[in-house]
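Presented below is the structure to which this report refers.
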Amino acid sequence: MDLNKLAQALIPDKDLLPLDEYEKMYPPRNLAKGAEVTRLAPSPTGFIHLGNLYSALADERTAHTTGGIFYLRIEDTDEKRKVDGAVESVIRSLKYFGINFDEGAEISGENAYGPYYQRQRASIYRAFAKDLISRGLAYPCFCTEDELNVIREQQTERKEITGYYGKYARCRNLSEEEIYANLAAGKPYVIRLKSQGNTENKMTFRDAIKGDITVTENDQDVVILKSDGIPTYHFAHAIDDHFMRTTLVIRGEEWLSSLPIHIELFKVLGFPLPKYGHTCSLMKTDNGTKRKLSKRKDPELSLDFYRGAGYYPKAVIKYLMTILNSNFEEWAAKNPSADYTAFKFSVGKMGKSGALFDLDKLNDISRTELSALTEGEMYDFLNGWVTEFGTQADKKHFEDRQYIESILTLIMGTGSKKRRKDIERAEQGVRLIDYFFDDTFTPEYTFRSDSETVKQVLSGYAAVYDVNDDNSAWFAKLKVVASQAGFAAETSEYKANPSAYKGSVADAAEILRVAITGSPNSPDLCTIMKILGKDRSIARLAKAENSL
Ligand code: GLU
């Protein structure tokens, strides 16, 4: 058979270049020895998840700790799954977490290895497919969906491996006449690899993450170009990662089973194989059993969840670093003020199997990270969330930076005193300070003392309150008001003779606290009243009294 003629008949495109032109167009990168080129290659489905961030962090750290390049390629070969704005959303989401690309789709700069959208690279794939056909390493397959289903059923019945291979690969040996007759009849076709492999042959493959693994040769005649002329993932992966000069492909372990196909594709295309690192899946414990995080069941899989709930991006990254490299936590404990980028990240130290994702641990890291911020930094962080996700009321409140900062000073604890860790996320932090604003102060008072006593404490304190009192003057007045209302001014007195009192000064303080904050627990009440100011404090005491 004249294979050149066949290749020309199947791929008559006029815009294809001689293959070595592509090598010249995308020359090896001029990088220092040891520099790794990594990439994130998402499909533009609009769903960017924690697994992507986990992978992206490994990619980004690997590239940037070795002086390499981290780029973004969009795998948009499946038109049906494409969502408008998805690329911008990937970039924005990763940027929120401090992960930036050096080049790629929608990234400004030289972008010499583009285009980075696979749909715009059709001619490169087609040029190489044409070459494989002319070398007898690829062929047209005219099998219909129904015919493929019949093959699959037979294989399943016979308990054989499913797929298009060996004796099942019907179109592999079509005669010249049959091929041209099919073409003349206008039958749709795909282009398949004519596999040269044999599954009897096994080899050891060194995965950058999983270590040595045994890989069986491929014998599947996989589709390389679909009937619309667009490449499959397998084919586009080999061509793109070669011409974009990726040195290390970090991708999910679900691709491990396709590795034999990729090894064969690189071989027949004459490209050196890049290194691969297959990341393990993120798991969670659910009712005592470990399972993969699922899009349907686990909102925390979506990155939008973290932004919406106002997670501190660096806390998420630090947490992911603890799952990526098990020695990160110890390093971070030894270097509490160092940025995570100072850590020597290593792909080789990544977990080989199921990484357990634990939201409680993330929350813990988040509280610790946030407690280290200054009031100004905390204001900026909360305000960022408010601007994007807050209510109208939140936005109004955050116009008064000074007021919020005084609240934050109180809530976070000051100076050399150990910082409190009450704020875990922006959303929760913003709700935590709602009671400092009259429009969001909507208390449901629950007093433990009888109404008369509560009234006595509230009106008694309103009569003597002076906003200029320091803590001890404030407390001295409370003792007087408390004892007038039947409480022991000293806790010790109350303990010595509980039946003689309605409670201790602490119970009287609780009455004030509930009236001022709506809750029996709060930071220092004297300071809260100072922040609110005299008029609002007195008004709150009256409001509580009126509710009785
Ligand atoms: N588009 C593939 C995916 O989203 C990329 C896999 C890879 O990184 O090679 O799963």
Side-chain angles (χ1 to χ4, degrees), residues 36-63 68-83 86-87 89-91 93-94 99 101-106 113-122 124-125 205 207-210 215 218 222-224 226 230-266 269 271 273-282 292-295 301-303 324 347 350:
E36 302 284 9
V37 178
T38 61
R39 85 300 193 271
L40 190 70
S43 303
T45 59
F47 184 67
I48 163 114
H49 56 80
L50 198 67
N52 298 131
L53 179 63
Y54 175 81
S55 250
L57 183 57
D59 281 318
E60 189 270 348
R61 282 296 77 215
T62 303
I69 298 283
F70 172 46
Y71 72 88
L72 174 65
R73 178 171 73 232
I74 301 302
E75 307 216 319
D76 56 354
T77 53
D78 189 352
E79 187 76 16
K80 288 193 288 300
R81 297 176 64 211
K82 196 172 146 215
V83 168
V87 179
S89 147
V90 169
I91 296 171
S93 296
L94 293 181
I99 295 189
F101 296 97
D102 303 305
E103 68 179 47
E106 308 304 324
Y113 291 84
Y116 298 90
Y117 286 86
Q118 290 183 326
R119 283 205 159 249
Q120 296 171 18
R121 303 171 61 77
I124 312 181
Y125 309 123
F205 181 85
D207 187 271
I209 295 170
K210 301 219 178 260
V215 174
N218 171 58
V222 290
V223 176
I224 56 174
K226 296 184 267 190
I230 297 295
T232 53
Y233 165 75
H234 306 305
F235 198 51
H237 151 55
I239 298 213
D240 291 347
D241 280 312
H242 174 65
F243 284 115
M244 295 181 182
R245 305 293 173 177
T246 308
T247 60
L248 172 60
V249 173
I250 298 177
R251 62 180 182 187
E253 65 188 354
E254 65 277 15
W255 293 110
L256 206 48
S257 57
S258 310
L259 185 61
I261 299 170
H262 303 151
I263 293 176
E264 182 169 15
L265 282 173
F266 273 88
L269 288 164
F271 302 155
L273 196 65
K275 287 174 281 189
Y276 285 88
H278 289 90
T279 60
C280 51
S281 306
L282 291 176
K292 269 193 198 173
L293 278 176
S294 114
K295 186 171 168 179
L301 185 61
S302 160
L303 287 191
L324 278 171
V347 182
M350 280 174 69

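In each ligand, atom 1 is the first atom listed, and ligand 1 is the first ligand listed. We're numbering straight along the sequence, starting at 1.
Between Trp255 and His234, the ring planes are perpendicular. Angles over 60° get that label, and only those under 30° would be called parallel.
Within the 3.5 Å criterion, the main-chain N or O of Thr38 finds no donor-acceptor partner in the side chain of Thr246. Between the side chain of Glu253 and the backbone N or O of Ser281, at least one donor-acceptor pair lies under 3.5 Å.
In this structure, His262 has its ring center no closer than 6.0 Å to that of Phe235.
Close approach of ligand 1 to Tyr233 is summarised as follows: ligand atoms under 4.0 Å from at least one heavy atom of the residue are 5 (C), 6 (C), 7 (C), 9 (O). Applying the 4.0 Å criterion to heavy atoms of Glu75 picks out, from ligand 1, the atoms 1 (N), 2 (C), 5 (C).
Annotation: atom 5 (C) of ligand 1 to nearest protein heavy atom, Ala41 O, 3.1 Å. For atom 6 (C) of ligand 1, the nearest protein heavy atom (residue, atom name, distance) is Trp255 NE1, 3.3 Å.
A salt bridge between Arg39 and Asp240 is absent, with no side-chain N of the basic residue lying under 4.0 Å from a carboxylate O of the acidic one.
Using a non-hydrogen distance threshold of 4.0 Å, Arg39 registers as a contact of ligand 1.
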